[in-house]
Undergrad: 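One structure follows; several queries about it will come next.
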Number of protein chains: 2
Amino acid sequence: MNKAGQTQTHPAGSRIYSAGKPGQAWRVVSGAVRLDRSGPGVEPMFANLAVEGDIIGAETLLFQRYTFDATALADCVLSPWPEGGGAPAGESLLAVLTASETRAADVVALRCGQALERVKRLIALLGPRPDAPALPSRRDMADITALTTETVSRCISALRRTGMLPPDGQRRGRPQLSHQP
Amino acid sequence: MNKAGQTQTHPAGSRIYSAGKPGQAWRVVSGAVRLDRSGPGVEPMFANLAVEGDIIGAETLLFQRYTFDATALADCVLSPWPEGGGAPAGESLLAVLTASETRAADVVALRCGQALERVKRLIALLGPRPDAPALPSRRDMADITALTTETVSRCISALRRTGMLPPDGQRRGRPQLSHQP
DNA sequence: CGGCTTCTTGAAAAGTATCAAATATAGTGG
DNA sequence: CCACTATATTTGATACTTTTCAAGAAGCCG
């Protein structure tokens, strides 16, 4: 449905691109993206996070192929990067590099301290969403924070009990299986 | 002792540069560097790792000031980057960006799984050192793996018992206090 | 409705942190 | 050159947190 070269939208949970496939770089206009290291025979492992304003897939400018799997943690809007097409200016690349290193430090910090603090930091990093604070799946949150889904669930219950989260976001049932035959 | 603009050496444990100070970017020719996020009033917190071949301090090309504290984990040789001086070529910057994202994924992976596995992965990441397998301090290893110094020490003892590490690297006593008055 | 998946909760087990004390090392000063 | 001091490292015992295992509740889709 999404065509290369123009703005894309991806629903939460959907695959944006896969490691090894050819493609272009994108700016995350809104939403959040999970990046996983994955190879042939290697099970996907969480590698990094991208939030509003971050650039993903920049390695395609060098290799023409993606290095990571990208999955939407929330409903996402992506626009092609660099904006004008062609090669990005050096200064623009430097800004991306600097942002990337800051984000990496954020992600590393998500795995420090006790479970409740980590979950709180993750929710804060995902940003104050306007009205519907739909959280990512427990599995995604667990992979990002290096906890288990059960522990994440307990932390969220605790945050709801203490009023730091609204009493009940909607649950998720059977996910939409998006096969490509 | 080290002069800007030419190759530098830093002994293990020494500060390479500090956040907020002006300076240039460097290539890690050999050794390993720990990067810490640190601000005014904020205690230093481990943020990232750089090993042989990585570039550190690239943000100075944009801001003229370092974003992180850099500390040598092992004896280090650094050379100015980009090599020719001046602005780096776009392709070169892209290569640095890609390497940076790969390294970030490595560091995130150092905080997955049980203590013994993490310590083993850290040692592997620091690279096969030729003859003297001098490990970083327990405190550095603990900060990087998000463990305590005691747990890291127990893991290393276990690795020595099982022969995966030589029976006894030298210990460290009182470190050299390098004040600058 | 039936099947599938995610989410939640409980109880027990495992792993790590914490606290405390002994040992080792390098630098300092006599 | 040797004792002395400050710090790092190691090890042990205990407390705490998280994982693991298990079962039930809830939502989505055909």
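Fair warning: this is a prediction, and the values are worked out from it, not measured in the lab. Labels below follow one simple rule: chain letters A, B, ... track the order of the sequence lines, proteins then strands, and each chain is numbered from 1.
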Undergrad: Just checking A/Ala146: base, sugar-phosphate only, or nothing, at a heavy-atom cut-off of under 4.0 Å?
TA: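 Sugar-phosphate, backbone atoms only, no base.
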
Undergrad: Once you round it to whole Å, what is the distance between P of C/dT8 and CZ of A/Arg161?
TA: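 Rounding to the nearest Å, CZ of A/Arg161 and P of C/dT8 are 11 Å apart.
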
Undergrad: Give a yes or no on this: more than 12 heavy atoms of other residues, nucleotides or ligands lie within 6.0 Å of atom CD of B/Glu117.
TA: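 Yes, the 6.0 Å shell around CD holds more than 12 heavy atoms from other groups.
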
Undergrad: With respect to the side chain of B/Arg154, which nucleotide from C/dC7, D/dT9, C/dT18 is positioned closest?
TA: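 Nearest to the side chain of B/Arg154 among the choices is C/dT18.
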
Undergrad: For B/Ser157, answer base if it contacts any base atom (sugar-phosphate contacts may also be present), sugar-phosphate if it contacts only those atoms, and nothing otherwise; contact means non-hydrogen atoms under 4.0 Å.
TA: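 Sugar-phosphate contact only.
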
Undergrad: In this structure, how many angstroms lie between the P atom of D/dA23 and the CD atom of A/Glu150, rounded?
TA: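 Atom CD in A/Glu150 sits about 14 Å away from atom P in D/dA23.
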
Undergrad: Take the protein atom CG of B/Leu116 and the nucleotide atom C1' of C/dA17, then report the distance between them rounded to whole Å.
TA: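 Rounded to whole Å, this separation is 17 Å.
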
Undergrad: Take atom CZ of A/Arg139 and atom C1' of C/dT8, then tell me their distance rounded to the nearest Å.
TA: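 It is 15 Å, rounded to the nearest whole Å.
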
Undergrad: Is there side-chain contact between B/Arg121 and B/Cys112, with at least one heavy-atom pair below 4.5 Å?
TA: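 In short, these two side chains touch, coming nearer than 4.5 Å.
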
Undergrad: Which is true for B/Ala142 with a 4.0 Å heavy-atom rule: it touches a base, it touches only sugar-phosphate, or it touches nothing?
TA: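 Counting heavy atoms under 4.0 Å across all strands, no contact is made by B/Ala142.
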
Undergrad: Check whether B/Leu110 and B/Ile156 end up in the same hydrophobic cluster, where Ile, Leu, Val, Met, Phe, Trp and Tyr are linked by side-chain heavy atoms less than 4.5 Å apart.
TA: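 Same cluster.
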
Undergrad: Residues sharing B/Val77's hydrophobic cluster, by side-chain heavy-atom contacts under 4.5 Å among ILVMFWY, directly or via others?
TA: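 Other cluster members: B/Val29.
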
Undergrad: What are the two closest heavy atoms between B/Ser38 and B/Asp69, and how far apart are they?
TA: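 Heavy atoms of B/Ser38 and B/Asp69 come nearest at OG-OD2, 3.0 Å.
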
Undergrad: Counting side-chain heavy atoms from C-beta on, which of C/dC7, D/dT9, D/dT19 comes nearest to A/Ser137?
TA: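 Of the candidates, C/dC7 comes closest.
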
Undergrad: A/Glu117 CD to D/dT17 P: how many Å, rounded?
TA: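 Rounded to whole Å, this separation is 11 Å.
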
Undergrad: In whole angstroms, how far is the C1' atom of C/dT16 from the CG atom of A/Leu147?
TA: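 Atom CG in A/Leu147 sits about 14 Å away from atom C1' in C/dT16.
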
Undergrad: When the axes are fitted on five pairs at both termini, how much does the helix from C/dC1-D/dG30 to C/dG30-D/dC1 curve, in 10° steps?
TA: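 Angle reported: 40°, given to the nearest ten degrees.
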
Undergrad: Rounded to the nearest Å, what distance is computed from the CD atom of residue B/Gln114 to the P atom of nucleotide D/dT17?
TA: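 Taking atom P of D/dT17 as the reference, CD of B/Gln114 is at 19 Å.
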
Undergrad: Could you check whether any side-chain N or O of A/Tyr17 sits under 3.5 Å from a backbone N or O of A/Thr71, counting only pairs where one atom can act as donor and the other as acceptor?
TA: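 Side chain of A/Tyr17 to backbone of A/Thr71: no pair is present.
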
Undergrad: Return the value, rounded to whole Å, for the distance between atom CG of B/Asp140 and atom P of D/dA8.
TA: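 Taking CG of B/Asp140 and P of D/dA8, I get 11 Å after rounding.
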
Undergrad: Quick one: is D/dT19 close enough that its OP1 or OP2 comes under 4.0 Å of any side-chain N or O from A/Thr148?
TA: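 Yes.
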
Undergrad: Flag yes if more than 12 heavy atoms outside A/Glu83 fall under 6.0 Å of its CD atom; otherwise flag no.
TA: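 Atom CD in A/Glu83 is crowded, with more than 12 foreign heavy atoms closer than 6.0 Å.
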
